[in-house]
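Here is the structure we will look at, set down as structure tokens.
Side-chain atoms are counted along with the backbone in the values below, which use heavy atoms only and exclude waters and symmetry mates. Residue numbers begin at 1 in each chain, while the letters A, B, ... track the order of the sequences.
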Amino acid sequence: MANEEIARIFYEIADLLDLEGVRFKPEAYRRAARTLEQLPSEVRTLKDPQAIRALPGIGEALSLKIEEYRETGKVPYLDRLREKWPPGLLEIMRLEGVGPKTTRRFHQELGIADLAGLKAALEAGQLDHLAGFKARKVELLRRALSQAGTVGLPSGGGRRIPLPEAQRMADELMAAFRASGVPVDRLVYAGSLRRRREDVGDLDLLATTRGDPRSVMEAFLHLPPVREVRLSGETKTTVVLDGGLQVDLRVVAPEAFGAAWQYFTGSKDHNIRLRTLAQQKGWKINEYGLSRGEERTAAPTEEAVYAAVGFPWIPPEIRENQGEFEAALEGASPGRSSLGTSGGSSTSMPPPPSGRGTSTPGSGRPGARSSGTWGSSSGPRTWPRARSGWRGSAGACRGWWEGSGSSSRWRPPSAAQRRGRGRSGPGPTCGSPGREGPGGPCPRPLARGSAGPGPICSSTPRMDPSRRRV
DNA sequence: CATTAGT
DNA sequence: ACTAATG
């Protein structure tokens, strides 16, 4: 009867619908599940049927299923779905790197129904004949499978760890990173750690640099506690530490710090909400800054991001899309309580966000609180004019900033480098055999082939990002 | 290009 | 909502 139980049911329905290839429902169920999980304990029993439908993300259909469950202890909808799909498929789908599409192919093309079946097929070499399944992917699968066998990994391959412990590890890792002498100027943590959730599933680190992001990535890969590199590109790297904890690092130009920190701090729901709100004002927000049409604006501080959408800086602890936007509006402009009022102010444009990096309120160390106008009536102030913008267009965001001064030069990878193999490129971030760093051999996602160090970051980066939909 | 993953 | 890495 607890909310947790219903949430779990909704999650399972979502997974099964994913398996079916259904489009929007899964996310709807997950959203509902998340709000159920986050309900304050007093409401945990969900006594008031009326109140249920008022909850965010829960409408008629879902509230009915909750009612059903409360009265009969069953949700027929779930039972029907369960009959269609063997339960083992869900475990397969939870393997690292395996999603609904792949799972369904296993099932339909090879008749695989559970982890054991997958393992057998793998050993029998059946997977090699599956289109799109080559040595590397098979190897990835083997790893994922072996991990799934050992510890009872609930999902995503990792257990969550308590905040204090996560904090300790983050601090140590950041210290080690700094000590390695990389040219990062800012280095902060983000994600659920910064939001101070009770426990966190992974660590999210953000660094800025004016130099070559790839050298930053490389230094990171060689940190002592790094056991495995899941993936590594020029702006984003994912590793797994010795303890099994996953760490994501993103590297951006200093001008994008605010936007990136905001993005990386989340929560996901908060970000989606913020971005749709921005959309309504004509802005597009991503981790590099803001854009409106051809107009590009830097976001060196988080405040600049929120200000563009008409909000004061919102403390990380409450960025869960659980009413913080509404609360912020009330605080910022008492008298207007509704977000949907496009009425009177529809003609006014959002204030141009900042492009100057001099004052950085609310963007100090993660622990630091901004001068704290949260809930007060002092809204965002005037922002200095941006002095730099994206070169190229949105989508070309590997945002290369051109300092109009001498401030920043965020260099794009050259076309030659991006195409990789060719003549000139400096090659993979993590050296070829023989060029391992001091920290020992270069860790990498997998041995390519079966033995011998190969290029770690096999990334042959993508095509020219300067293409944009209009 | 599609899949997976990330906030 | 919007982006990155990868085969």
Of the nucleotides B:dT4, C:dC2, B:dA5, which has the atom closest to the A:T102 side chain?
-> B:dT4

Can you name the residues that form a side chain to side chain contact (heavy atoms under 4.5 Å, CB included) with A:E91, not counting sequence neighbours?
-> A:R94, A:L115

Salt bridge check: are A:E139 and A:K137 linked by an N-O gap of less than 4.0 Å?
-> no

Can you tell me how far P of B:dT4 sits from CD1 of A:I92, to the nearest Å?
-> 13 Å

Quick one: list whatever passes salt bridge (Lys or Arg N to Asp or Glu O under 4.0 Å) with A:R319, sequence neighbours left out.
-> A:E302

A:T276 has a side chain; which of C:dA1, C:dC2, B:dA5 sits nearest to it?
-> C:dA1

Is it true that a side-chain atom of A:E324 and a backbone atom of A:E320 form a donor plus acceptor pair closer than 3.5 Å?
-> yes

Nearest-nucleotide pick for A:D202, side chain only, options being B:dT3, B:dT7, B:dA5 | B:dT7

Give a yes/no on whether any side-chain N or O of A:T238 is located under 4.0 angstrom from OP1 or OP2 of C:dA5.
-> no

Within the structure, does a side-chain N or O atom of A:Y288 lie under 4.0 Å from either OP1 or OP2 of C:dA4?
-> yes

Expected list for residues 262-271 of chain A near DNA chain B, using heavy atoms below 4.0 Å, is A:Y263, A:F264, A:T265, A:G266, A:K268, A:N271

Can you name the residues that form a salt bridge (Lys or Arg N to Asp or Glu O under 4.0 Å) with A:R105, not counting sequence neighbours?
-> A:E109

For A:Q279 and C:dC2, is the shortest distance between a side-chain N/O and OP1 or OP2 below 4.0 Å?
-> yes

OP1 or OP2 of C:dT3 sitting under 4.0 Å from any side-chain N/O of A:K284?
-> yes

Quick one: side-chain hydrogen bond (donor to acceptor under 3.5 Å, both in side chains) pairs with a partner in residues 11-22 of chain A, sequence neighbours left out?
-> A:Y11-A:E37, A:E12-A:R82, A:D15-A:R30, A:D18-A:R30, A:E20-A:K84, A:E20-A:W85

Gap between atoms CD and P, on A:E287 and B:dG6 respectively (whole Å) = 15 Å

A:K134 NZ to B:dT3 C1', in whole Å, measures 16 Å

Using a heavy-atom cut-off of under 4.0 Å over every strand shown, decide if A:I285 touches base, sugar-phosphate, or nothing.
-> sugar-phosphate

Nearest to the side chain of A:K101 - B:dT7, C:dT3, B:dT3?
-> B:dT3

Nearest listed nucleotide, side chain of A:N286, among C:dC2, B:dA5, B:dT7 | C:dC2

May I have the distance from A:I272 (atom CD1) to C:dT3 (atom C1'), rounded to whole angstrom?
-> 12 Å

Residues forming a side chain to side chain contact (heavy atoms under 4.5 Å, CB included) with A:S192, sequence neighbours excluded | A:R160, A:R195, A:R197, A:V200

